[in-house]
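Take a look at the structure set out below.
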Amino acid sequence: MSRDDLKATFFAECEDLLEQLSEGSQNMIAGSADDDTVNAIFRAVHSIKGAAGAFGLENLVTFAHCFETVLDRVRSGELVPDTDALHTILRSSDMLADLVELAQADSTEIPEAMPAILDKLNELS
């Protein structure tokens, strides 16, 4: 399997992972921040980050790492997500999807909202 084939497989898998992430984030907003939901969200972000690193997609890796750190704090009970944190998680899910889309288009563009969301993630980590 060529590197291009592997990358195409990565982006196909990202679709499923982003769907899980979106569904889980929406469930958290709706008040279902149980362990299974948080763990599923964490695994989706972690999987995207790991594979993105293998392809040198630095913007995606950097953002996913910050997002993953916050989710890990939620998983461990160090962070109980309030309305602001839940909003940041939802915005981060959307930003991660945007970054995957940009990476798939071979763009290194940084979305305008990314620095503000990273600041919010860093406040929560």
Side-chain angles (χ1 to χ4, degrees):
M1 186 174 269
S2 73
R3 182 168 174 83
D4 288 342
D5 290 339
L6 290 172
K7 203 169 184 181
T9 300
F10 161 67
F11 287 120
E13 289 175 358
C14 279
E15 288 180 34
D16 292 336
L17 293 167
L18 290 170
E19 186 175 313
Q20 292 171 26
L21 177 59
S22 177
E23 183 179 307
S25 297
Q26 291 294 333
N27 287 342
M28 286 183 74
I29 293 289
S32 299
D34 61 32
D35 289 346
D36 288 339
T37 300
V38 175
N39 285 330
I41 292 170
F42 177 86
R43 281 191 307 275
V45 174
H46 181 75
S47 295
I48 290 170
K49 181 190 85 170
F55 294 108
L57 304 172
E58 294 305 317
N59 289 340
L60 190 51
V61 171
T62 298
F63 187 85
H65 178 73
C66 291
F67 190 11
E68 180 184 55
T69 299
V70 170
L71 293 170
D72 196 38
R73 290 195 69 223
V74 174
R75 284 184 346 148
S76 70
E78 291 176 41
L79 175 65
V80 177
D82 60 10
T83 302
D84 187 49
L86 289 171
H87 180 70
T88 300
I89 289 169
L90 186 60
R91 288 184 70 205
S92 297
S93 297
D94 292 342
M95 179 57 59
L96 194 65
D98 291 347
L99 289 168
V100 167
E101 186 177 317
L102 287 167
Q104 191 168 11
D106 288 325
S107 174
T108 57
E109 175 186 347
I110 295 176
E112 186 177 318
M114 187 171 148
I117 297 171
L118 279 172
D119 287 346
K120 293 297 284 183
L121 288 171
N122 286 326
E123 287 174 18
L124 295 171
S125 60

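With sequence neighbours excluded, the residues that form a side-chain hydrogen bond (donor to acceptor under 3.5 Å, both in side chains) with D5 are S2. R73 is linked by a side-chain hydrogen bond (donor to acceptor under 3.5 Å, both in side chains) to E78, counting only residues two or more places apart in sequence or in another chain. The ring-ring contact (aromatic ring centres under 6.0 Å, His included) check on F55 picks up F10, with sequence neighbours excluded. Residues passing the side chain to side chain contact (heavy atoms under 4.5 Å, CB included) test with S25, sequence neighbours excluded: L21, I41, I89, L90, S93. Qualifying side chain to side chain contact (heavy atoms under 4.5 Å, CB included) partners for A85, counting only residues two or more places apart in sequence or in other chains: P81, D82, L124. For R75, the salt bridge (Lys or Arg N to Asp or Glu O under 4.0 Å) partners two or more places apart in sequence, or in a different chain, are D72. For V100, the side chain to side chain contact (heavy atoms under 4.5 Å, CB included) partners two or more places apart in sequence, or in a different chain, are F11, C14, L18, I48, L60. For A113, the side chain to side chain contact (heavy atoms under 4.5 Å, CB included) test picks out R91, M95, I117, with sequence neighbours left out.
Going from atom CG of L71 over to atom OG of S76 covers 11.0 Å, rounded to the nearest 0.5 Å.
Pairs engaging residues 19-34 under the salt bridge (Lys or Arg N to Asp or Glu O under 4.0 Å) rule: none recorded [sequence neighbours left out]. Among residues at least two apart or in separate chains, side chain to side chain donor-acceptor pair (under 3.5 Å) pairs with a member in residues 108-125 are D84-K120. Sorted by first and then second residue, the ring-ring contact (aromatic ring centres under 6.0 Å, His included) pairs with a member in residues 56-102 form an empty list; sequence neighbours excluded. Note on residues 6-16: no pairs pass side chain to side chain donor-acceptor pair (under 3.5 Å), not counting sequence neighbours.
Residue A64 comes nearest to V45 through the heavy atom pair O-CG1, 3.5 Å, listed as atom of the first residue, atom of the second, then distance.
Hydrophobic clustering keeps V61 apart from I110 (ILVMFWY residues linked when any side-chain heavy atoms are closer than 4.5 Å, directly or through intermediates).
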